Amino acid sequence: MNKCRFTLTALAIMAFTLMVSSAAQAQATRTWVSGVGDDVNPCSRTAPCKTYAGAISKTAKDGEISTLDPGGFGAVTITKSITINGTPGQGYGAILASFTTGVIVNITDAADVRKTVRLNWLDINGASTGTRGVNFLAGLHLYIENSVIDGFTEDGVRVLNNLQAVNSLHLRNVSIRNCVANGINISNSGTNATVLAFDGVKVTRSTNGLTAGNGTRGQISNSFFASNSGSGINVVESTSPTLFAVNDSTFTGNGTGITTGANSEVLIARCVITGNGTSLGLAGTVHTGGNNTIGSNGTNNAPDGTLFTQN
């Protein structure tokens, strides 16, 4: 009888210990990072982590990582739906990405229904040696808001997302500059498509401000493309239709304001295209209602003067 009681007691203690251990390891919906934190901490507000990579393993799917104070919080790979918030008023989340990529988004888990990442109030700095600022490899939706991406040897933001037939890239109040390749590069293959939703985007001092590749669709508003050695926007198409609209935006100081490749189309309204080497480079088509300001460029039409329509 005593032996039986002892066994039951031991089992109860073991079960209780496992429950406590499991609870201690449970992921939180909200976690915190601080410049004086430590990744061995639980990432709570009073015991924050040191890096975004350290916090993400302790943050539940669809949860949020908040920043308590200014600091450098390191490059991060994201494999689940999550928000990383630099938290204006409390801190400003910096990611120094020397010789690496600042943020990789690669969500392949079929159980992750949203497949959505939101990056807010971040300063992603490649220090002229980082490869890419943000690399969107897999997932449904990527939101980048109120952020700066600067100094990369390849693209500031790249979308190479061939796992989803349609994915989306949302940029609002974002500055991208000093990228050796493209400020933004949509480079899907096959029939995959990316829907753009840009508002208040500034892309400067890159080769192309935006390379809108295979299957690019959507809308760009209130944006600024300047001092890019290639094109402010370079539109290409191979196997998936590329057609999107640009309104209330400025193109200045670029090699070419807007370049369209074969079979690609752009609709522009209330845009200013001035001070570029060439206003429009047209192997495809630019549609305009005639309400744009196009002048004072080195050349104010396509090199061959063709395929410019006013509808």
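In this text the structure is predicted, and so the values were computed from the model without any measurement.
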Quick one: does [X]'s side chain have a donor or acceptor within less than 3.5 Å of a partner on [Y]'s backbone?
{"X": "N297", "Y": "N300", "value": "no"}
{"X": "N228", "Y": "G230", "value": "no"}
{"X": "T207", "Y": "V180", "value": "yes"}
{"X": "T194", "Y": "S168", "value": "no"}
{"X": "K115", "Y": "D112", "value": "yes"}
{"X": "K80", "Y": "I56", "value": "yes"}
{"X": "K58", "Y": "D39", "value": "yes"}
{"X": "T259", "Y": "N234", "value": "no"}
{"X": "K50", "Y": "G74", "value": "no"}
{"X": "Q27", "Y": "S57", "value": "yes"}

Can you tell me how far the [atom1] atom of [X] sits from the [atom2] atom of [Y], to the nearest 0.5 Å?
{"X": "F244", "Y": "I233", "atom1": "CZ", "atom2": "CD1", "result": "5.0 Å"}
{"X": "I104", "Y": "I107", "atom1": "CD1", "atom2": "CD1", "result": "13.0 Å"}
{"X": "D123", "Y": "S147", "atom1": "CG", "atom2": "OG", "result": "8.5 Å"}
{"X": "N167", "Y": "N192", "atom1": "CG", "atom2": "CG", "result": "7.5 Å"}
{"X": "I82", "Y": "R114", "atom1": "CD1", "atom2": "CZ", "result": "10.5 Å"}
{"X": "I124", "Y": "L119", "atom1": "CD1", "atom2": "CG", "result": "6.0 Å"}

Could you tell me which non-hydrogen atom of [X] sits nearest to which non-hydrogen atom of [Y], and how far apart they are?
{"X": "A127", "Y": "N125", "result": "N-OD1, 2.8 Å"}
{"X": "D199", "Y": "S223", "result": "C-OG, 4.3 Å"}
{"X": "N85", "Y": "E64", "result": "ND2-OE2, 3.2 Å"}
{"X": "A97", "Y": "F152", "result": "CB-CE2, 4.0 Å"}
{"X": "L169", "Y": "F198", "result": "O-CE1, 3.7 Å"}
{"X": "T252", "Y": "T274", "result": "OG1-O, 2.9 Å"}

Side-chain donor-acceptor contact under 3.5 Å, [X] with [Y]:
{"X": "S231", "Y": "N254", "answer": "no"}
{"X": "N182", "Y": "S206", "answer": "no"}
{"X": "N214", "Y": "N188", "answer": "no"}
{"X": "H287", "Y": "T285", "answer": "no"}
{"X": "T101", "Y": "T131", "answer": "yes"}
{"X": "D69", "Y": "S34", "answer": "yes"}

(request) Determine, for R270 against D248, whether the closest basic-nitrogen to carboxylate-oxygen distance falls under 4.0 angstrom. (result)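 Counted as a salt bridge, because a side-chain N and a carboxylate O are separated by less than 4.0 Å.
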(request) Please report the C-alpha distance between V236 and T216 in whole Å, then the side-chain angles of each, then the deciding distance to 0.1 Å, and finally whether the side-chain contact (heavy atoms from CB on, under 4.5 Å) criterion is met. (result) CA-CA 9 Å; V236 295; T216 304; over 6 Å; no
(request) With side-chain contact (heavy atoms from CB on, under 4.5 Å) as the test, would you mind laying out the steps for I294 and T288 before giving the verdict? (result) CA-CA 11 Å; I294 302 176; T288 172; 5.8 Å; no
Would you say the side chain of [Y] lies within less than 4.5 Å of the side chain of [X], judging by non-hydrogen atoms?
{"X": "S221", "Y": "N247", "result": "yes"}
{"X": "V201", "Y": "I184", "result": "yes"}
{"X": "W121", "Y": "T87", "result": "no"}
{"X": "T46", "Y": "W32", "result": "no"}
{"X": "I273", "Y": "N292", "result": "no"}
{"X": "I78", "Y": "I84", "result": "yes"}

(request) Please step through side-chain contact (heavy atoms from CB on, under 4.5 Å) for the pair C49 and T31, ending with a clear verdict. (result) CA-CA 8 Å; C49 284; T31 56; over 6 Å; no
(request) If a pair satisfies salt bridge (charged side-chain N to carboxylate O under 4.0 Å, His left out) and one of its residues is in residues 142-166, list it, with sequence neighbours excluded. (result)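 Non-adjacent pairs meeting salt bridge (charged side-chain N to carboxylate O under 4.0 Å, His left out): R118-E145, R132-E154, R132-D155, E145-R172, D150-R177.
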(request) Spell out, yes or no, whether L280 and L243 are grouped together once hydrophobic residues are joined by side-chain heavy atoms under 4.5 Å, including indirect joins. (result)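 Different clusters: L280 never reaches L243 through Ile, Leu, Val, Met, Phe, Trp or Tyr contacts under 4.5 Å.
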(message) Apply side-chain contact (heavy atoms from CB on, under 4.5 Å) to residues V103 and I144 and explain how you reach the verdict.
(response) CA-CA 11 Å; V103 179; I144 306 174; over 6 Å; no
(request) Please work out whether the ring planes of F225 and F251 are parallel, tilted or perpendicular, with thresholds of 30° and 60°. (result)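 If you compare the ring of F225 with that of F251, the planes turn out parallel.
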(message) Please identify which of these residues, N161, T116, V117, V159, meets the side-chain contact (heavy atoms from CB on, under 4.5 Å) condition with L142.
(response) V117
